[in-house]
Number of protein chains: 2
Amino acid sequence: MQKVFQALSSQPRRKILAYLSATSLTAGEIAAYFDMSKPALSKHLGILENAGLIGREKKGQFVHYSLIPDNLTNTLTGFAQEVCPVTRPIRKDSEKIAEDNAEDNKK
Amino acid sequence: MQKVFQALSSQPRRKILAYLSATSLTAGEIAAYFDMSKPALSKHLGILENAGLIGREKKGQFVHYSLIPDNLTNTLTGFAQEVCPVTRPIRKDSEKIAEDNAEDNKK
DNA sequence: TAAGCATTTAGCTTATTAGTTAAATAAGCA
DNA sequence: TGCTTATTTAACTAATAAGCTAAATGCTTA
């Protein structure tokens with residue numbers, strides 16, 4: 001989860017995911033969309049891969065990258081649900097505080 | 001959007017949002033949950049506020065912070081949808097239903 | 001007014017991140 | 001083999017982020 005949110009905190013990396021949303025692309029094809037050196041792009045790809053957001057498949061001298069949607073959507077919707085509606089450990093704490101505060105206000 | 005993802009890239013900040021999921025809290029109450037100095041916590045709160053994820057209301061000498069869910073959910077679900085047009089978890093459900101139905105039809 | 005508490009700002013240090021260029025690895029082909 | 005292309009790794013620099021302590025701000029209350 002930390003790795004996913006960390007990976008998503010960079011605009012270039014979010015853009016990479018968007019480029020991969022409909023097709024897989026080679027490292028070079030992706031790099032062509034950015035005004036950035038190839039080593040820099042490669043590093044971004046490594047971070048996304050390490051976060052489990054994209055996968056790589058070597059085909060000859062090319063490396064094809066493709067989206068792994070599960071981890072992304074699970075993390076994003078999971079967190080949105082924890083914070084907005086739904087039950088989770090920290091939310092229990094929050095509810096308890098709310099109760100205590102309500103009781104304090106009665107006095 | 002950049003500000004939101006940037007804000008969410010920190011575990012303490014995500015935890016703050018979770019603590020605020022069911023109630024508003026003062027800066028001091030929030031700080032009590034973390035092993036971190038109050039100035040450091042205050043900085044995190046400032047980042048979350050600047051990203052439009054939480055709001056502050058001064059009441060006397062206390063500052064009450066509360067969640068602003070809209071920006072969070074809009075950003076997260078918006079991005080998830082941009083990258084994976086149909087979210088994976090629901091599609092999994094759909095696929096499972098299809099399997100079950102196929103099996104039912106055999107009998 | 002003075003003292004005390006809650007919170008934030010200032011100034012500083014250290015760690016992490018993002019980018020660069022140059023070199024390494026690995027595959028394809030004359 | 002030797003040359004070219006695709007990609008990654010290494011080594012480095014500069015900018016950003018996260019934490020600390022000390023001080024400032026602002027409200028409350030004696």
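Proteins get letters first, then strands, A, B, ... in listed order; numbering begins at 1 in each.
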Do any side-chain nitrogens or oxygens of [X] fall under 4.0 Å of OP1 or OP2 in [N]?
X: Arg56(B); N: dT8(C); value: yes
X: Tyr65(A); N: dT8(D); value: yes
X: Thr26(B); N: dT7(C); value: yes
X: His44(B); N: dG19(D); value: yes
X: Gln6(B); N: dA17(D); value: yes
X: Ser37(A); N: dG19(C); value: no

So, does [X] use its side chain to make a donor-acceptor pair with the main chain of [Y] at under 3.5 Å?
X: Gln6(B); Y: Met1(B); result: no
X: Arg13(A); Y: Ala7(A); result: yes
X: Ser42(B); Y: Lys38(B); result: no

_So that I know where these two stand, are Tyr33(A) and Tyr19(A) an aromatic pair - ring centroids less than 6.0 Å apart?_
yes

Give one of base, sugar-phosphate or nothing for [X], where a contact means two heavy atoms less than 4.0 Å apart.
X: Phe34(A); value: nothing
X: Ala40(A); value: base
X: Gln11(B); value: nothing

Rounded to the nearest angstrom, tell me the gap between atom [atom1] in [X] and atom [atom2] in [N].
X: Gln2(A); N: dA18(D); atom1: CD; atom2: C1'; value: 13 Å
X: Ile47(A); N: dT16(C); atom1: CD1; atom2: C1'; value: 11 Å
X: Phe62(B); N: dA6(C); atom1: CZ; atom2: P; value: 6 Å
X: Met36(B); N: dT8(C); atom1: CE; atom2: C1'; value: 16 Å
X: Asn50(B); N: dA17(D); atom1: CG; atom2: C1'; value: 14 Å
X: His64(A); N: dA27(C); atom1: NE2; atom2: P; value: 14 Å
X: Ile30(B); N: dT8(C); atom1: CD1; atom2: P; value: 9 Å
X: Lys3(B); N: dA17(D); atom1: NZ; atom2: C1'; value: 16 Å

_Closest-nucleotide ordering on DNA chain C, the 5'-leading residue of Lys58(A) and Pro12(A)_ = Pro12(A)

*Flag yes if more than 12 heavy atoms outside Glu29(A) fall under 6.0 Å of its CD atom; otherwise flag no.*
yes

*With distance as the sole criterion, do the side chain of Gln61(B) and the base of dT28(D) form a donor-acceptor contact below 3.5 Å?*
no

*Is there a donor and acceptor pair, one atom on the side chain of Lys43(A) and one on the base of dG19(C), closer than 3.5 Å?*
yes

*asked:* Using the side-chain heavy atoms of Ser10(A), tell me which of these nucleotides is nearest: dA18(C), dT8(D), dA26(C).
replied: dA18(C)

*asked:* Can you tell me which nucleotide in dA6(C), dT8(D), dG19(D) comes closest to the side chain of Pro39(A)?
replied: dT8(D)

*Side-chain touch Leu8(A)/Leu53(A), heavy atoms, less than 4.5 angstrom*: yes

